[in-house]
Colleague: 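Okay, here's the structure, questions in a sec.
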Amino acid sequence: MGQDKGQYDFYIGLSLAISSSIFIGGSFILKKKGLLRLARKGSMRAGQGGHAYLKEWLWWAGLLSMGAGEVANFAAYAFAPATLVTPLGALSVLVSAILSSYFLSEKLNLHGKIGCLLSILGSTVMVIHAPQEEEIENLNEMSIKLADPGFLLFATGVIIVSLILIFVVGPSHGQSNILVYISICSVIGALSVSCVKGLGIAIKGLFAGEPVLKNPLSWILLISLIVCVSTQINYLNRALDIFNTSLVTPIYYVFFTTSVLTCSAILFKEWQHMSANDMIGTFSGFMTIIIGIFLLHAFKDVSLTLSNLPVSLRKDERLLNGNLSNHVYEHLNGDEESHLCETEISESTASRRNGSLTF
């Protein structure tokens, strides 16, 4: 019975995670459309610190779609481990890339498509070899995990790095480097997922009749989640306003997933019981993701698609065949001309000799 309930919870979490990716992937497109409409009207852009998007209904539609996706994602963490739910966010990359090609006229070249595929494949490998999450039954167990010195050190480092990115690096490099704003969203996202996991446990305890509302940890997790999500939304808006959606979405996914898996490993100490095969698989998956991101970012301005790739190959083939034919023709023609020239010289020499004798 317990095994059947575990499988039932697993499929519920899986369904919620997939629906979350669909909602979140669509939210990127709606919010980008709203920001583009504001830019055409001459309003101060979000990338420059403006907040005119609060008056744009398309942006609010995107926010509601993202809210629905986050709610589904929130519920998924209550039924399934973070090592399953978080990497499934790769589906939002596919949704966003497909919709952006139809509604935003943003194109991914061949390198970008291969990069997206590699990122998803790498994430899948990480899911297969990732350690299983330690089950936590109530908030008291969660408080013990949160008070662990390793997690406290990690959380302190995340906060310090976020403050440096926001107040030092962001103002000078945020407009030109796509990784600045996305890094802010990603590192803070690691803490937000921890808060979501804790609140999910609290909600399950509330339905079970436990006095979770009297526990201070519930309110600390809720306030921390509001602060983290608000910061993520702000800087994700800036990244979407400045850079191409087809680049923002997969890069954000990879950075966010890596941060969450790292936080989950530190918080729940899942990696202590991993086998060598799982460690190698996890490392291979991570390197595959890095290669995918490199293809996305390094070759984004190269105009290369599947439609023009065979044409270029045929041109190269025709050019090669043409050069070979010309070379053979010139070689044969040169031999023939040299032979004719030798014949003419011989005949001219013979005629001059005959002429001199006749004279």
Side-chain angles (χ1 to χ4, degrees), residues 2-18 20-21 73 76-94 111 113-137 141-142 144-146 148-151 153-155 157-158 183 186-187 189-191 193-194 196-197 200-201 250-298:
Q3 185 177 1
D4 293 338
K5 185 179 183 301
Q7 291 182 351
Y8 181 72
D9 290 344
F10 174 82
Y11 288 117
I12 290 178
L14 181 62
S15 301
L16 289 170
I18 294 174
S20 170
S21 297
N73 194 54
Y77 281 106
F79 290 95
T83 50
L84 169 69
V85 176
T86 303
L88 281 179
L91 296 177
S92 65
V93 178
L94 296 178
H111 299 96
K113 293 176 181 177
I114 295 175
C116 285
L117 180 61
L118 288 176
S119 298
I120 295 172
L121 291 176
S123 300
T124 304
V125 172
M126 289 188 69
V127 171
I128 294 173
H129 293 280
Q132 293 297 319
E133 184 181 56
E134 181 181 349
E135 293 296 332
I136 299 178
E137 299 295 335
E141 296 181 5
M142 186 68 181
I144 295 174
K145 293 292 183 181
L146 293 175
D148 184 79
F151 179 75
L153 181 63
F154 172 79
V158 166
S183 297
S186 301
V187 294
L191 297 181
V193 168
S194 300
V196 166
K197 187 66 178 177
I201 295 172
I251 295 176
Y252 173 65
Y253 159 72
V254 172
F255 276 46
F256 176 75
T257 302
T258 304
S259 299
V260 170
L261 292 179
T262 303
C263 179
S264 181
I266 295 173
L267 183 60
F268 301 112
K269 295 181 174 60
E270 302 155 335
W271 303 84
Q272 294 180 352
H273 306 289
M274 287 185 67
S275 64
N277 291 335
D278 288 334
M279 289 183 180
I280 295 173
T282 302
F283 179 76
S284 300
F286 180 73
M287 292 304 299
T288 304
I289 294 173
I290 295 299
I291 294 173
I293 289 300
F294 175 77
L295 289 175
L296 272 171
H297 195 56

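Because the structure is a prediction, the values reported are computed rather than measured.
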Colleague: Once you round to the nearest 0.5 Å, how far does CG of Leu117 lie from OG1 of Thr288?
Modeller: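 Between atom CG of Leu117 and atom OG1 of Thr288 there are 10.5 Å.
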Colleague: For Ala190 and Cys263, work out which heavy atoms get closest and say how close.
Modeller: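 Reported closest heavy-atom pair: O-SG, 3.6 Å.
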Colleague: Just to verify, what does Ile280 make a side-chain contact (heavy atoms from CB on, under 4.5 Å) with, not counting sequence neighbours?
Modeller: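 Ser284.
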Colleague: Distance from Thr262 atom OG1 to Phe154 atom CZ, nearest 0.5 Å?
Modeller: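 Reported to 0.5 Å precision, the distance equals 6.0 Å.
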Colleague: Taking the side chain as C-beta and beyond, is there a heavy-atom pair between Leu267 and Ser194 under 4.5 Å?
Modeller: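 Contact flag for Leu267/Ser194 side chains = yes.
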Colleague: Within the side chain of Ser259, is there an N or O that forms a donor-acceptor pair under 3.5 Å with the backbone of Phe255?
Modeller: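 Side chain of Ser259 to backbone of Phe255: a pair is present.
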Colleague: So which heavy atom on Val125 is nearest to which on Gly281, and how close?
Modeller: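 Distance-wise, the nearest heavy atoms are CG1-O, 3.3 Å.
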Colleague: Report the residues that fulfil side-chain contact (heavy atoms from CB on, under 4.5 Å) with Thr257, sequence neighbours left out, ordered by chain and then residue number.
Modeller: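 With neighbours one apart ignored, the set is Thr86, Pro87, Tyr253, Leu261.
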Colleague: Please find the pair of heavy atoms, one from Val193 and one from Val260, that lie closest to each other, and give the distance.
Modeller: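 Taking Val193 first and Val260 second, the nearest heavy atoms are CG2-CG2, 3.6 Å.
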